[in-house]
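Lettering follows sequence order; numbering is per chain, from 1.
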Amino acid sequence: MELNKDMLDSNWAWFPSEGQDLDVVISSRIRLARNLANFPFSSKATPEQKENTEAYILGNFAKAKLFQDYTHLNLASLDQNEIALLVEQHLISRDHAQGQGSRSVLIKQDQTISVMINEEDHIRMQILGPGLQLSNLYNTINALDDDIDKHVPYAFHPKFGYLTACPTNAGTGLRVSVMFHLPSLTITKQMDKIYQNLIKKRLSLRGFYGEGTSALGDFYQLSNQISMGKTEAQLIQMLEAVVPQIMDYERKVRENLISHNAKSTNELVQKAWATLRSGESISSEKSMCFLSHIRLGIYLDIIKSDMLPLIHRLFVLVQPAHLQKIYKGAFPPEERDQLRGKLIKKLLQ
Amino acid sequence: MLCEKCHQNEALVFFSEVKNHQKQNHALCSECAKACSAYIQDPQFSYPLSFQELLSQLVSSLAQHPGPEAVQTQNPKCDFCGMTYHEFRQEGRFGCSKDYDLFEPFLEKAFMAIHGATKHSGKKPKGGDRMEKKVEPIDRLAKLHKELQEAIEQEWYEQAAIISREIKKLEGQQHGIE
(Lines give C-alpha, C1' and ligand atoms only; values in the text may rest on other atoms or scores of the structure.)
Protein backbone atom coordinates (compact mmCIF):
# COMPACT_ATOMS: atom_id res chain seq x y z
CA MET A 1 0.00 0.00 0.00
CA GLU A 2 1.31 3.44 -0.94
CA LEU A 3 2.35 5.67 1.96
CA ASN A 4 1.97 9.43 2.33
CA LYS A 5 5.63 9.97 3.17
CA ASP A 6 5.28 13.70 4.01
CA MET A 7 3.30 12.72 7.09
CA LEU A 8 6.09 10.55 8.47
CA ASP A 9 8.56 13.39 8.97
CA SER A 10 6.24 15.98 10.51
CA ASN A 11 7.25 17.87 13.64
CA TRP A 12 4.97 19.30 16.29
CA ALA A 13 5.60 22.29 18.55
CA TRP A 14 3.78 20.56 21.42
CA PHE A 15 5.86 17.40 21.14
CA PRO A 16 9.55 18.33 21.07
CA SER A 17 12.42 15.85 21.00
CA GLU A 18 14.81 17.96 23.01
CA GLY A 19 14.55 20.42 25.88
CA GLN A 20 14.86 20.86 29.61
CA ASP A 21 13.02 18.39 31.86
CA LEU A 22 11.75 16.55 28.78
CA ASP A 23 11.82 13.28 30.73
CA VAL A 24 8.63 14.44 32.51
CA VAL A 25 7.39 17.77 31.06
CA ILE A 26 6.39 17.73 27.41
CA SER A 27 4.70 21.02 26.61
CA SER A 28 2.77 24.07 27.79
CA ARG A 29 -0.51 25.46 26.54
CA ILE A 30 -2.49 28.63 27.24
CA ARG A 31 -6.08 29.16 26.12
CA LEU A 32 -8.24 32.28 26.32
CA ALA A 33 -12.03 32.14 25.87
CA ARG A 34 -13.73 35.29 24.57
CA ASN A 35 -17.22 36.19 23.40
CA LEU A 36 -18.71 39.13 21.61
CA ALA A 37 -21.28 41.37 23.23
CA ASN A 38 -24.57 41.46 21.32
CA PHE A 39 -24.27 38.02 19.70
CA PRO A 40 -25.91 34.90 21.21
CA PHE A 41 -23.44 32.22 22.37
CA SER A 42 -22.96 29.30 20.00
CA SER A 43 -25.29 26.88 21.83
CA LYS A 44 -28.21 29.34 21.64
CA ALA A 45 -27.50 30.70 18.15
CA THR A 46 -29.52 29.67 15.11
CA PRO A 47 -27.51 28.42 12.09
CA GLU A 48 -27.99 31.86 10.53
CA GLN A 49 -26.83 33.68 13.69
CA LYS A 50 -23.74 31.45 13.83
CA GLU A 51 -22.99 32.33 10.22
CA ASN A 52 -23.39 36.03 11.00
CA THR A 53 -21.14 35.81 14.06
CA GLU A 54 -18.41 34.04 12.10
CA ALA A 55 -18.69 36.49 9.21
CA TYR A 56 -18.56 39.45 11.60
CA ILE A 57 -15.44 38.15 13.38
CA LEU A 58 -13.59 37.15 10.21
CA GLY A 59 -14.65 40.39 8.47
CA ASN A 60 -13.25 42.50 11.32
CA PHE A 61 -10.04 40.46 11.42
CA ALA A 62 -9.61 41.00 7.67
CA LYS A 63 -10.30 44.75 7.92
CA ALA A 64 -7.73 45.02 10.71
CA LYS A 65 -5.26 42.90 8.69
CA LEU A 66 -5.02 40.45 11.57
CA PHE A 67 -4.05 36.82 10.98
CA GLN A 68 -2.85 37.45 7.44
CA ASP A 69 -0.15 34.80 7.77
CA TYR A 70 -2.56 32.26 9.24
CA THR A 71 -4.35 29.45 7.40
CA HIS A 72 -8.12 29.66 7.64
CA LEU A 73 -9.95 26.32 7.67
CA ASN A 74 -13.72 26.20 7.44
CA LEU A 75 -14.71 23.06 9.37
CA ALA A 76 -18.05 22.73 7.61
CA SER A 77 -16.22 22.12 4.33
CA LEU A 78 -13.57 19.69 5.63
CA ASP A 79 -13.96 15.92 5.54
CA GLN A 80 -14.17 14.04 8.83
CA ASN A 81 -10.61 12.74 8.74
CA GLU A 82 -9.16 16.21 8.17
CA ILE A 83 -11.12 17.48 11.19
CA ALA A 84 -10.00 14.52 13.31
CA LEU A 85 -6.41 15.22 12.22
CA LEU A 86 -6.68 18.75 13.68
CA VAL A 87 -7.84 17.28 17.00
CA GLU A 88 -4.97 14.79 17.01
CA GLN A 89 -2.55 17.66 16.34
CA HIS A 90 -4.05 19.53 19.31
CA LEU A 91 -5.02 22.47 17.07
CA ILE A 92 -8.77 22.27 17.76
CA SER A 93 -10.83 20.81 20.61
CA ARG A 94 -13.00 17.72 20.33
CA ASP A 95 -16.05 19.91 20.93
CA HIS A 96 -15.12 22.09 17.98
CA ALA A 97 -14.67 19.00 15.79
CA GLN A 98 -18.08 17.65 16.80
CA GLY A 99 -19.85 21.02 16.59
CA GLN A 100 -22.53 21.97 14.10
CA GLY A 101 -22.83 24.67 11.48
CA SER A 102 -20.53 27.60 10.74
CA ARG A 103 -17.26 27.19 12.58
CA SER A 104 -13.66 27.54 11.63
CA VAL A 105 -10.08 27.76 12.82
CA LEU A 106 -7.18 30.07 12.05
CA ILE A 107 -3.80 28.35 12.34
CA LYS A 108 -0.42 30.03 12.43
CA GLN A 109 2.09 28.68 9.91
CA ASP A 110 4.29 27.09 12.57
CA GLN A 111 1.14 25.63 14.20
CA THR A 112 1.94 27.19 17.60
CA ILE A 113 -1.21 29.36 17.69
CA SER A 114 -4.75 28.50 16.68
CA VAL A 115 -7.92 30.55 16.99
CA MET A 116 -11.21 28.65 17.00
CA ILE A 117 -14.29 30.57 15.91
CA ASN A 118 -17.77 29.50 17.05
CA GLU A 119 -16.57 26.83 19.44
CA GLU A 120 -18.55 26.84 22.70
CA ASP A 121 -17.35 30.44 22.94
CA HIS A 122 -17.19 32.77 19.93
CA ILE A 123 -13.40 32.99 20.06
CA ARG A 124 -11.02 30.55 21.67
CA MET A 125 -7.35 31.26 21.08
CA GLN A 126 -4.59 28.93 22.19
CA ILE A 127 -0.83 28.84 22.08
CA LEU A 128 1.32 25.72 22.40
CA GLY A 129 5.01 25.49 23.13
CA PRO A 130 7.61 22.90 24.10
CA GLY A 131 8.60 22.40 27.74
CA LEU A 132 7.57 24.57 30.65
CA GLN A 133 7.14 28.19 29.52
CA LEU A 134 3.76 29.41 30.73
CA SER A 135 4.54 33.11 31.31
CA ASN A 136 6.31 33.38 28.00
CA LEU A 137 3.38 31.84 26.11
CA TYR A 138 0.90 33.95 28.06
CA ASN A 139 2.66 37.16 27.00
CA THR A 140 2.34 36.18 23.34
CA ILE A 141 -1.32 35.18 23.50
CA ASN A 142 -2.11 38.22 25.67
CA ALA A 143 -0.71 40.51 22.97
CA LEU A 144 -2.84 38.73 20.38
CA ASP A 145 -5.88 39.13 22.66
CA ASP A 146 -5.16 42.90 22.89
CA ASP A 147 -5.01 43.10 19.08
CA ILE A 148 -8.36 41.33 18.71
CA ASP A 149 -9.88 43.49 21.48
CA LYS A 150 -9.19 46.62 19.40
CA HIS A 151 -11.38 45.33 16.60
CA VAL A 152 -14.26 43.35 18.12
CA PRO A 153 -16.38 44.28 21.18
CA TYR A 154 -15.73 41.67 23.87
CA ALA A 155 -18.50 40.64 26.26
CA PHE A 156 -17.17 41.85 29.61
CA HIS A 157 -18.86 42.46 32.95
CA PRO A 158 -17.34 44.76 35.57
CA LYS A 159 -17.91 42.18 38.26
CA PHE A 160 -17.76 38.82 36.50
CA GLY A 161 -15.03 39.63 33.96
CA TYR A 162 -14.93 38.04 30.53
CA LEU A 163 -18.28 36.36 29.96
CA THR A 164 -18.19 32.79 28.70
CA ALA A 165 -20.81 30.22 27.76
CA CYS A 166 -19.83 27.95 30.65
CA PRO A 167 -19.66 29.47 34.14
CA THR A 168 -16.48 27.44 34.79
CA ASN A 169 -14.55 29.63 32.33
CA ALA A 170 -15.91 33.05 33.34
CA GLY A 171 -13.62 35.73 34.73
CA THR A 172 -10.27 35.47 33.01
CA GLY A 173 -11.40 32.89 30.42
CA LEU A 174 -7.95 31.45 30.99
CA ARG A 175 -6.95 27.80 30.92
CA VAL A 176 -3.29 27.13 31.60
CA SER A 177 -2.02 23.60 30.95
CA VAL A 178 1.20 21.66 31.24
CA MET A 179 1.44 18.24 29.62
CA PHE A 180 3.34 15.62 31.60
CA HIS A 181 4.45 12.08 30.84
CA LEU A 182 3.86 10.12 34.04
CA PRO A 183 4.31 6.41 33.26
CA SER A 184 5.87 5.47 36.62
CA LEU A 185 3.16 7.15 38.68
CA THR A 186 0.54 5.44 36.51
CA ILE A 187 2.14 1.98 36.73
CA THR A 188 2.54 2.26 40.50
CA LYS A 189 -1.05 3.55 40.86
CA GLN A 190 -0.09 6.87 42.44
CA MET A 191 -2.37 8.99 40.25
CA ASP A 192 -5.32 8.82 42.64
CA LYS A 193 -3.22 10.44 45.34
CA ILE A 194 -2.17 13.18 42.93
CA TYR A 195 -5.78 13.84 41.84
CA GLN A 196 -6.81 14.21 45.47
CA ASN A 197 -4.02 16.67 46.23
CA LEU A 198 -4.73 18.75 43.15
CA ILE A 199 -8.44 19.10 43.99
CA LYS A 200 -7.47 20.93 47.18
CA LYS A 201 -5.28 23.29 45.18
CA ARG A 202 -8.11 23.93 42.68
CA LEU A 203 -6.11 22.30 39.91
CA SER A 204 -7.07 19.33 37.78
CA LEU A 205 -5.53 16.68 35.60
CA ARG A 206 -7.05 16.11 32.18
CA GLY A 207 -6.31 13.54 29.53
CA PHE A 208 -4.21 13.61 26.37
CA TYR A 209 -6.73 15.66 24.36
CA GLY A 210 -7.90 17.83 27.26
CA GLU A 211 -11.10 17.87 29.27
CA GLY A 212 -13.05 14.62 29.46
CA THR A 213 -10.42 12.54 27.66
CA SER A 214 -8.36 9.65 28.97
CA ALA A 215 -4.67 9.72 29.77
CA LEU A 216 -3.56 7.95 26.58
CA GLY A 217 0.11 6.98 26.65
CA ASP A 218 0.26 8.11 30.32
CA PHE A 219 0.14 11.76 29.20
CA TYR A 220 -1.68 14.07 31.60
CA GLN A 221 -2.49 17.76 31.31
CA LEU A 222 -2.30 19.70 34.55
CA SER A 223 -4.56 22.75 34.42
CA ASN A 224 -6.32 25.35 36.55
CA GLN A 225 -9.83 24.41 37.65
CA ILE A 226 -10.85 27.97 38.47
CA SER A 227 -10.74 31.06 36.27
CA MET A 228 -12.28 33.80 38.45
CA GLY A 229 -11.02 35.66 41.51
CA LYS A 230 -7.34 35.42 40.61
CA THR A 231 -5.28 37.35 38.09
CA GLU A 232 -3.81 35.62 35.07
CA ALA A 233 -0.36 35.78 36.67
CA GLN A 234 -1.68 34.21 39.89
CA LEU A 235 -3.32 31.36 37.97
CA ILE A 236 -0.04 30.70 36.17
CA GLN A 237 1.82 30.77 39.50
CA MET A 238 -0.65 28.25 40.95
CA LEU A 239 0.38 25.78 38.27
CA GLU A 240 4.06 26.62 38.33
CA ALA A 241 4.16 25.92 42.07
CA VAL A 242 2.97 22.35 41.55
CA VAL A 243 4.98 21.41 38.43
CA PRO A 244 8.30 20.75 40.26
CA GLN A 245 6.50 18.58 42.83
CA ILE A 246 4.97 16.35 40.16
CA MET A 247 8.30 16.20 38.32
CA ASP A 248 10.15 15.16 41.49
CA TYR A 249 7.51 12.57 42.36
CA GLU A 250 7.67 10.91 38.92
CA ARG A 251 11.48 10.93 38.97
CA LYS A 252 11.68 9.42 42.46
CA VAL A 253 9.30 6.62 41.47
CA ARG A 254 11.39 5.99 38.34
CA GLU A 255 14.52 5.69 40.49
CA ASN A 256 12.64 3.33 42.74
CA LEU A 257 11.52 1.21 39.79
CA ILE A 258 15.15 0.74 38.77
CA SER A 259 16.60 0.23 42.25
CA HIS A 260 13.88 -2.01 43.69
CA ASN A 261 11.98 -3.46 40.75
CA ALA A 262 14.62 -3.65 38.06
CA LYS A 263 13.58 -7.07 36.77
CA SER A 264 9.88 -6.39 36.34
CA THR A 265 10.54 -2.90 34.94
CA ASN A 266 12.95 -4.34 32.42
CA GLU A 267 10.38 -6.98 31.45
CA LEU A 268 7.69 -4.33 31.02
CA VAL A 269 9.85 -2.30 28.64
CA GLN A 270 11.07 -5.36 26.73
CA LYS A 271 7.52 -6.64 26.30
CA ALA A 272 6.46 -3.28 24.84
CA TRP A 273 9.46 -3.25 22.53
CA ALA A 274 8.90 -6.84 21.34
CA THR A 275 5.17 -6.35 20.78
CA LEU A 276 5.57 -3.18 18.75
CA ARG A 277 8.37 -4.66 16.65
CA SER A 278 6.32 -7.79 15.92
CA GLY A 279 4.02 -5.93 13.55
CA GLU A 280 0.92 -7.52 15.07
CA SER A 281 -2.44 -5.79 14.79
CA ILE A 282 -2.82 -3.21 17.58
CA SER A 283 -5.24 -0.49 18.72
CA SER A 284 -4.12 3.12 19.10
CA GLU A 285 -4.70 3.02 22.89
CA LYS A 286 -2.57 -0.11 23.32
CA SER A 287 0.16 1.12 21.04
CA MET A 288 0.34 4.39 22.99
CA CYS A 289 0.57 2.41 26.22
CA PHE A 290 3.51 0.38 24.85
CA LEU A 291 5.14 3.50 23.41
CA SER A 292 4.83 5.04 26.86
CA HIS A 293 6.69 2.08 28.39
CA ILE A 294 9.39 2.37 25.71
CA ARG A 295 9.73 6.10 26.42
CA LEU A 296 10.12 5.23 30.10
CA GLY A 297 12.72 2.63 29.06
CA ILE A 298 14.70 5.33 27.24
CA TYR A 299 14.95 7.44 30.41
CA LEU A 300 15.83 4.36 32.49
CA ASP A 301 18.66 3.49 30.03
CA ILE A 302 16.99 0.26 28.96
CA ILE A 303 16.42 1.55 25.39
CA LYS A 304 18.89 3.69 23.42
CA SER A 305 18.22 7.41 23.84
CA ASP A 306 18.52 8.16 20.11
CA MET A 307 15.15 6.41 19.70
CA LEU A 308 13.34 9.32 21.39
CA PRO A 309 12.48 11.43 18.29
CA LEU A 310 11.07 8.36 16.53
CA ILE A 311 9.04 7.28 19.57
CA HIS A 312 7.60 10.80 19.80
CA ARG A 313 6.66 10.74 16.12
CA LEU A 314 4.99 7.36 16.61
CA PHE A 315 2.86 8.69 19.48
CA VAL A 316 1.30 11.06 16.95
CA LEU A 317 1.27 8.83 13.88
CA VAL A 318 -0.51 5.87 15.52
CA GLN A 319 -3.63 7.97 16.11
CA PRO A 320 -6.51 6.96 13.79
CA ALA A 321 -6.74 10.09 11.61
CA HIS A 322 -2.96 10.26 11.12
CA LEU A 323 -2.88 6.59 10.21
CA GLN A 324 -5.64 7.06 7.62
CA LYS A 325 -3.85 10.08 6.19
CA ILE A 326 -0.61 8.09 5.93
CA TYR A 327 -2.34 5.18 4.16
CA LYS A 328 -4.51 7.55 2.09
CA GLY A 329 -7.93 6.13 2.84
CA ALA A 330 -10.71 5.49 5.31
CA PHE A 331 -10.51 2.11 6.98
CA PRO A 332 -12.66 0.23 9.53
CA PRO A 333 -11.08 -0.11 13.01
CA GLU A 334 -9.83 -3.70 12.53
CA GLU A 335 -8.07 -2.79 9.31
CA ARG A 336 -6.60 0.31 10.95
CA ASP A 337 -5.20 -1.88 13.75
CA GLN A 338 -3.47 -4.07 11.17
CA LEU A 339 -2.05 -1.08 9.30
CA ARG A 340 -0.92 0.45 12.60
CA GLY A 341 0.98 -2.72 13.53
CA LYS A 342 2.71 -2.74 10.14
CA LEU A 343 3.59 0.96 10.28
CA ILE A 344 5.11 0.73 13.76
CA LYS A 345 7.17 -2.32 12.76
CA LYS A 346 8.38 -0.58 9.61
CA LEU A 347 9.44 2.59 11.46
CA LEU A 348 11.06 0.75 14.37
CA GLN A 349 13.32 -1.30 12.09
CA MET B 1 -24.27 14.24 54.38
CA LEU B 2 -20.54 14.31 53.77
CA CYS B 3 -18.92 13.91 50.35
CA GLU B 4 -18.07 10.28 49.68
CA LYS B 5 -14.69 11.14 48.18
CA CYS B 6 -13.09 13.72 50.44
CA HIS B 7 -15.20 12.98 53.54
CA GLN B 8 -14.73 16.62 54.52
CA ASN B 9 -17.23 18.85 52.73
CA GLU B 10 -21.02 18.74 52.63
CA ALA B 11 -22.29 16.72 49.62
CA LEU B 12 -24.12 18.90 47.09
CA VAL B 13 -24.22 16.75 43.94
CA PHE B 14 -26.22 13.54 44.03
CA PHE B 15 -26.43 11.04 41.19
CA SER B 16 -27.05 7.37 40.52
CA GLU B 17 -24.95 5.00 38.50
CA VAL B 18 -26.15 1.71 37.06
CA LYS B 19 -23.30 -0.77 37.08
CA ASN B 20 -23.68 -4.49 36.40
CA HIS B 21 -27.49 -3.99 36.52
CA GLN B 22 -27.24 -2.56 40.03
CA LYS B 23 -28.04 0.97 40.99
CA GLN B 24 -25.49 2.81 43.11
CA ASN B 25 -26.08 6.23 44.62
CA HIS B 26 -23.30 8.77 44.88
CA ALA B 27 -22.93 12.01 46.80
CA LEU B 28 -20.13 14.48 46.09
CA CYS B 29 -19.21 17.94 47.30
CA SER B 30 -18.95 20.66 44.65
CA GLU B 31 -15.14 20.47 44.58
CA CYS B 32 -14.98 16.72 44.04
CA ALA B 33 -17.82 16.94 41.50
CA LYS B 34 -15.91 19.52 39.51
CA ALA B 35 -12.75 17.49 39.66
CA CYS B 36 -14.69 14.51 38.36
CA SER B 37 -14.06 15.66 34.80
CA ALA B 38 -10.52 14.39 35.27
CA TYR B 39 -11.72 10.97 36.39
CA ILE B 40 -14.23 10.29 33.67
CA GLN B 41 -12.23 7.93 31.54
CA ASP B 42 -9.74 6.96 34.16
CA PRO B 43 -10.09 3.23 34.77
CA GLN B 44 -9.41 3.75 38.46
CA PHE B 45 -12.68 5.65 38.75
CA SER B 46 -16.13 4.64 37.76
CA TYR B 47 -18.08 7.92 37.69
CA PRO B 48 -19.80 7.79 34.34
CA LEU B 49 -21.13 11.34 34.14
CA SER B 50 -19.85 13.97 31.80
CA PHE B 51 -18.64 17.16 33.40
CA GLN B 52 -21.60 18.90 31.78
CA GLU B 53 -24.07 16.63 33.57
CA LEU B 54 -22.26 17.11 36.85
CA LEU B 55 -22.18 20.85 36.39
CA SER B 56 -25.90 21.06 35.69
CA GLN B 57 -26.55 18.98 38.83
CA LEU B 58 -24.27 21.28 40.78
CA VAL B 59 -26.11 24.33 39.46
CA SER B 60 -29.47 22.69 40.24
CA SER B 61 -28.50 21.75 43.76
CA LEU B 62 -27.24 25.24 44.45
CA ALA B 63 -30.45 26.61 43.06
CA GLN B 64 -32.32 25.14 46.00
CA HIS B 65 -31.10 28.21 47.88
CA PRO B 66 -30.65 30.81 45.18
CA GLY B 67 -31.33 33.98 47.13
CA PRO B 68 -34.12 36.36 46.14
CA GLU B 69 -37.46 34.66 45.83
CA ALA B 70 -38.21 36.32 42.49
CA VAL B 71 -35.56 34.42 40.58
CA GLN B 72 -36.95 31.07 41.67
CA THR B 73 -40.60 31.68 41.07
CA GLN B 74 -40.70 33.98 38.07
CA ASN B 75 -38.30 31.99 35.90
CA PRO B 76 -37.04 35.08 34.06
CA LYS B 77 -36.44 34.74 30.35
CA CYS B 78 -33.76 36.61 28.43
CA ASP B 79 -35.40 38.73 25.76
CA PHE B 80 -32.23 38.53 23.65
CA CYS B 81 -31.34 34.81 23.51
CA GLY B 82 -34.53 33.27 24.96
CA MET B 83 -32.70 31.44 27.75
CA THR B 84 -34.81 30.94 30.87
CA TYR B 85 -33.45 30.57 34.36
CA HIS B 86 -34.72 26.98 34.57
CA GLU B 87 -33.01 26.16 31.27
CA PHE B 88 -29.77 27.63 32.56
CA ARG B 89 -30.06 25.50 35.67
CA GLN B 90 -30.60 22.41 33.56
CA GLU B 91 -27.91 23.00 30.94
CA GLY B 92 -25.31 24.78 33.05
CA ARG B 93 -24.58 27.09 30.12
CA PHE B 94 -25.41 30.74 29.44
CA GLY B 95 -27.14 31.61 26.17
CA CYS B 96 -25.65 35.09 25.78
CA SER B 97 -23.75 37.71 27.75
CA LYS B 98 -26.99 39.40 28.88
CA ASP B 99 -27.93 36.30 30.92
CA TYR B 100 -25.23 37.25 33.39
CA ASP B 101 -27.19 40.39 34.33
CA LEU B 102 -30.54 38.63 34.28
CA PHE B 103 -29.46 35.75 36.55
CA GLU B 104 -27.08 37.83 38.66
CA PRO B 105 -28.87 37.28 42.02
CA PHE B 106 -28.24 33.54 41.66
CA LEU B 107 -24.75 33.69 40.22
CA GLU B 108 -22.75 34.67 43.28
CA LYS B 109 -23.48 31.33 44.94
CA ALA B 110 -22.72 29.40 41.77
CA PHE B 111 -19.44 31.23 41.19
CA MET B 112 -18.46 30.82 44.82
CA ALA B 113 -18.98 27.05 44.49
CA ILE B 114 -17.14 26.83 41.16
CA HIS B 115 -14.31 29.32 41.60
CA GLY B 116 -14.25 30.09 45.33
CA ALA B 117 -14.71 33.72 44.29
CA THR B 118 -17.43 35.98 42.92
CA LYS B 119 -15.44 38.79 41.38
CA HIS B 120 -13.06 38.95 38.46
CA SER B 121 -9.67 40.37 39.34
CA GLY B 122 -7.71 39.86 36.16
CA LYS B 123 -7.25 41.64 32.87
CA LYS B 124 -9.86 44.01 31.47
CA PRO B 125 -10.50 44.76 27.84
CA LYS B 126 -9.47 48.20 26.63
CA GLY B 127 -13.09 49.30 26.83
CA GLY B 128 -13.31 47.90 30.38
CA ASP B 129 -13.02 51.15 32.37
CA ARG B 130 -15.40 52.94 30.05
CA MET B 131 -17.89 50.08 30.33
CA GLU B 132 -17.56 49.94 34.09
CA LYS B 133 -18.37 53.65 34.54
CA LYS B 134 -21.21 53.52 32.10
CA VAL B 135 -22.76 50.24 33.17
CA GLU B 136 -22.25 50.24 36.92
CA PRO B 137 -24.83 52.87 38.01
CA ILE B 138 -27.53 51.31 35.84
CA ASP B 139 -26.76 47.85 37.27
CA ARG B 140 -26.66 49.24 40.75
CA LEU B 141 -30.02 50.97 40.30
CA ALA B 142 -31.67 47.80 39.09
CA LYS B 143 -30.21 45.92 42.01
CA LEU B 144 -31.35 48.57 44.50
CA HIS B 145 -34.89 48.50 43.09
CA LYS B 146 -34.96 44.74 43.61
CA GLU B 147 -33.65 45.11 47.15
CA LEU B 148 -36.23 47.82 47.87
CA GLN B 149 -39.04 45.59 46.69
CA GLU B 150 -37.77 42.75 48.86
CA ALA B 151 -37.41 45.02 51.89
CA ILE B 152 -41.00 46.26 51.49
CA GLU B 153 -42.30 42.69 51.09
CA GLN B 154 -40.46 41.68 54.26
CA GLU B 155 -41.72 44.84 56.02
CA TRP B 156 -38.15 45.99 56.75
CA TYR B 157 -39.17 49.64 56.59
CA GLU B 158 -35.99 51.15 57.97
CA GLN B 159 -33.89 49.36 55.38
CA ALA B 160 -36.40 50.31 52.67
CA ALA B 161 -35.98 53.98 53.58
CA ILE B 162 -32.19 53.75 53.33
CA ILE B 163 -32.40 52.02 49.93
CA SER B 164 -34.96 54.53 48.73
CA ARG B 165 -32.62 57.43 49.62
CA GLU B 166 -29.77 55.67 47.80
CA ILE B 167 -31.96 55.25 44.70
CA LYS B 168 -32.91 58.92 44.70
CA LYS B 169 -29.26 59.90 45.01
CA LEU B 170 -28.20 57.67 42.11
CA GLU B 171 -31.08 58.81 39.90
CA GLY B 172 -30.13 62.38 40.67
CA GLN B 173 -26.54 61.72 39.61
CA GLN B 174 -27.71 60.20 36.33
CA HIS B 175 -29.67 63.35 35.57
CA GLY B 176 -26.75 65.55 36.56
CA ILE B 177 -28.27 66.63 39.90
CA GLU B 178 -26.00 66.37 42.96
Response to the item:
Scored by heavy-atom pairs under 4.5 Å with chain B, the best of A:K230, A:Q234, A:K44 is A:K44
Item to complete: Output yes when a side-chain donor or acceptor of A:E54 lies under 3.5 Å from a complementary backbone atom of A:I117, and no otherwise.
Response: no
Fill in: Given A:R175, A:R29, A:R206, the one that forms side chain to side chain donor-acceptor pair (under 3.5 Å) with A:S223
A:R206
Practice prompt. Under 4.5 Å heavy-atom distance to chain A, tell me which part of B:Y100 shows up: side chain, backbone, both or neither.
Written response: both
Practice prompt. Can you tell which part of A:T172 gets under 4.5 Å to a heavy atom of chain B, answering side chain, backbone, both or neither?
Written response: both
Discussion item. What part of A:N224 gets within 4.5 angstrom of chain B, counting heavy atoms only: side chain, backbone, both, or neither?
Written reply: neither
Discussion item. Using a 4.5 angstrom heavy-atom cutoff, name the option from A:N35, A:L36, A:D146 with the most pairs to chain B.
Written reply: A:D146
Discussion item. Is A:S42 in contact with chain B via its backbone, its side chain, both, or neither, using a 4.5 Å heavy-atom distance?
Written reply: neither
Item to complete: Describe, in one word, how the ring planes of B:F111 and A:F160 are oriented to each other, choosing from parallel (under 30°), tilted (30 to 60°) and perpendicular (over 60°).
Response: tilted
Worksheet item: At their closest point, which heavy atom of A:F41 faces which heavy atom of B:S97, and how far apart are they?
Response: CZ-N, 3.4 Å
Response to the item:
Per-residue tally against chain B (heavy atom, under 4.5 Å) across A:N38, A:L198, A:L235 peaks at A:N38
Discussion item. Can you classify the ring geometry of A:F290 versus A:H293 as parallel (below 30°), tilted (30 to 60°) or perpendicular (above 60°)?
Written reply: perpendicular
Practice prompt. Verify side-chain contact (heavy atoms from CB on, under 4.5 Å) between B:M83 and B:L102, making sure each step is shown before the conclusion.
Written response: CA-CA 10 Å; B:M83 174 73 84; B:L102 190 67; over 6 Å; no
Discussion item. What part of A:A45 gets within 4.5 angstrom of chain B, counting heavy atoms only: side chain, backbone, both, or neither?
Written reply: neither
Item to complete: Could you tell me which of A:L163, A:T231, A:L174, A:T164 has the largest number of non-hydrogen atom pairs under 4.5 Å with chain B?
Response: A:L163
Item to complete: Please work out which of the three classes, parallel, tilted or perpendicular, describes the rings of A:H122 and A:F39, given edges at 30° and 60°.
Response: perpendicular
